[in-house]
K.L.:
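Please read through the structure below; I'll follow up with questions.
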Amino acid sequence: MPLLSATLDRVKPSPTIAMSNRAAELKARGRDIIALSAGEPDFDTPAHIRAAAIRAIETGKTRYTAVDGIAELKAAIVAKFARDNGLRYDPAQVSVGTGGKQVLYNALMATLNPGDEVIIPAPYWVSYPDMVLLAGGTPVIVPTRIEDGYRLTPEALEAAITPRTRWLLFNSPSNPTGAGYRWDDVTALTEVLLRHPQVWILTDDMYEHLAFDGFAFCTPAQVEPGLYDRTLTVNGVSKAYAMTGWRVGYAAGPEALIAGMRKLQSQSTSNPCSVSQWAAVAALDGPQEYLADNAALFQRRRDLVVGRLNAIPGIRCPVPEGAFYVYPDISGLVGRTSPGGRLIDTDEAFAMALLDEADVAVVFGAAFGLSPNFRISYATSDAELETACDRIAGFCAGLRC
Ligand code: PLP
């Protein structure tokens with residue numbers, strides 16, 4: 001009898017985590033690695049949020065809580081959706097979990113039956129297809145094109161829908177491309193979905209507050225109220241408030257779905273960390289002005305990285321609307337040989353050679369379902385980004401035909 005289940009055979013470990021581990025391993029051996037692989041802000045959780053957590057500890061908020069979130073946090077989430085997105089929810093329509101990741105996982109586990117299809121535009125966040133597989137569903141990957149800014153088109157969406165489609169997994173601004181969908185882009189997709197009542201929208205709004213050049217974030221339930229009853233809007237505090245380690249994510253949607261997710265969570269992790277929930281209340285109810293300052297900082301870094309990458313012959317890098325990633329296309333470099341003698345026949349070979357020969361860790365595009373590309377997370381200092389770009393440029397200049 002094999003030790004591990006057949007379910008586990010269907011999924012692969014997260015390649016972004018694998019790449020970060022490999023970079024950390026080389027670093028521990030004394031190599032001067034610049035890691036541009038991890039998807040988290042490089043600054044600390046703001047002081048007022050940390051203070052709220054300390055207060056929670058000191059006032060005994062250290063016991064089990066309601067399975068899917070304390071009332072105070074649900075109230076803060078209801079207020080956030082009204083304030084930022086013009087969406088009205090009742091606390092009974094809100095679910096809080098251990099990160100956006102668990103909330104997405106719960107939603108898929110609670111709704112998918114074998115053979116149910118989930119449309120995932122590629123490139124996608126690495127976890128989406130594996131979560132669908134774990135839940136027994138079938139990921140239907142729909143590639144996007146650089147010419148469309150890596151955005152899903154209504155035609156491609158329409159062509160991917162079948163009677164078995166249960167969800168469209170939607171992510172704007174996107175990990176890994178940073179592509180954001182404007183109001184008109186979302187309308188074009190919601191018009192398609194209005195014609196297919198069996199399809200629900202699972203929208204991952206994790207990067208809502210990281211938007212550049214005046215990009216006006218919008219979310220499907222806000223754009224098309226006719227889809228409110230079949231939309232689960234997922235968000236979290238990890239990226240906007242520099243709270244990746246606290247593990248708090250949330251969603252709002254139809255009450256019956258929220259109840260299903262609660263049932264699942266009650267038999268797995270139960271409540272998210274009590275202290276983290278109080279920290280999240282402070283994040284959502286506290287001052288919001290500094291989010292724009294953070295976005296401005298990331299916009300400057302985006303400009304630095306995009307400018308440097310596009311100056312490298314063989315690399316094409318679109319200008320993202322948000323998040324803290326770029327996803328350059330390297331079709332102009334495939335087929336060459338690295339200074340260390342490796343054939344760059346795939347983006348994985350590119351990323352490995354870049355790490356081993358130029359000490360820069362990035363994540364290869366195949367992990368996100370669209371090649372040949374790589375992802376840079378530019379959530380690091382300007383000085384590190386400059387040095388990393390020097391190294392990437394030097395490495396690319398050394399590739400031989
Ligand atoms: N969704 C996207 C697109 C992400 O990039 C991430 C984190 O990398 C998550 C969800 C999960 O965030 P968390 O579980 O930290 O809330």
Side-chain angles (χ1 to χ4, degrees), residues 13-20 35-42 45 49 68-69 73 77 80 94-109 118 120-132 134 139 144 150-152 167-181 201-211 217 219-220 232-252 261 265 268-269 272-273 276-277 279-280 283-284 298 320-327 363 367-370 375-379:
S14 163
T16 40
I17 294 176
M19 203 66 192
S20 300
L36 305 178
S37 44
E40 61 181 343
D42 57 318
T45 305
I49 299 175
D68 63 355
L73 181 51
I77 291 165
K80 174 260 174 290
V94 172
S95 179
V96 185
T98 301
K101 202 167 194 169
Q102 187 187 22
V103 173
L104 289 162
Y105 181 75
N106 284 347
L108 294 166
M109 287 295 283
V118 178
I120 304 176
Y124 44 71
W125 180 44
V126 289
S127 295
Y128 295 153
D130 291 287
M131 284 184 182
V132 170
L134 272 176
T144 61
Y150 293 124
R151 278 181 282 270
L152 178 67
W167 291 103
L168 163 66
L169 237 167
F170 181 76
N171 177 215
S172 164
S174 143
N175 178 1
T177 62
Y181 290 67
I201 309 176
L202 187 43
T203 177
D204 179 344
D205 297 355
M206 202 57 70
Y207 295 95
E208 165 178 16
H209 291 295
L210 291 162
F217 172 85
T219 188
L232 186 72
T233 305
V234 178
N235 211 317
V237 294
S238 288
K239 315 288 176 171
Y241 302 95
M243 291 178 69
T244 47
W246 298 78
R247 312 308 303 130
V248 176
Y250 57 86
M261 291 163 63
Q265 194 160 298
S268 52
T269 58
C273 167
S276 297
Q277 290 188 67
L284 295 176
F298 281 122
E321 285 79 24
F324 39 63
Y325 307 106
V326 288
Y327 198 65
V363 186
F368 306 98
L370 196 87
R375 187 194 76 173
I376 281 180
S377 164
Y378 52 82

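Basis for what follows: all heavy atoms, side chains included, without hydrogens, waters or symmetry-related copies. The structure displayed is predicted, hence computed values, not measured ones. Both counts, for ligands and for their atoms, begin at 1 and track the order of listing.
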K.L.:
How would you list, by chain and number, the residues with a heavy atom under 4.0 angstrom from ligand 1?
P.N.:
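Residues within 4.0 Å of ligand 1: G99, G100, K101, W125, Y128, N171, N175, D204, M206, Y207, S238, K239, R247.
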K.L.:
Return the set of residues passing ring pair (Phe, Tyr, Trp, His ring centres under 6.0 Å) with Y378 (not counting sequence neighbours), or none when no residue passes.
P.N.:
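Partners of Y378 by the ring pair (Phe, Tyr, Trp, His ring centres under 6.0 Å) criterion come out as none, since no residue qualifies.
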K.L.:
Decide if the gap between the ring center of F324 and the ring center of Y207 is smaller than 6.0 angstrom.
P.N.:
yes
K.L.:
Mind checking what makes ring pair (Phe, Tyr, Trp, His ring centres under 6.0 Å) contact with Y128, not counting sequence neighbours?
P.N.:
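Y128 satisfies ring pair (Phe, Tyr, Trp, His ring centres under 6.0 Å) with W125 only.
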K.L.:
Determine whether the side chains of D68 and Q265 contain a donor N or O and an acceptor N or O closer than 3.5 Å.
P.N.:
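Q265 and D68 do not have a side-chain donor-acceptor pair below 3.5 Å.
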K.L.:
Compare every heavy atom of G180 with every heavy atom of S172, then report the nearest pair and how far apart it is.
P.N.:
OG-CA, 3.5 Å
K.L.:
Looking at residues at least two apart in the chain, or sitting in another chain, which of them share a side chain to side chain donor-acceptor pair (under 3.5 Å) with N171?
P.N.:
none
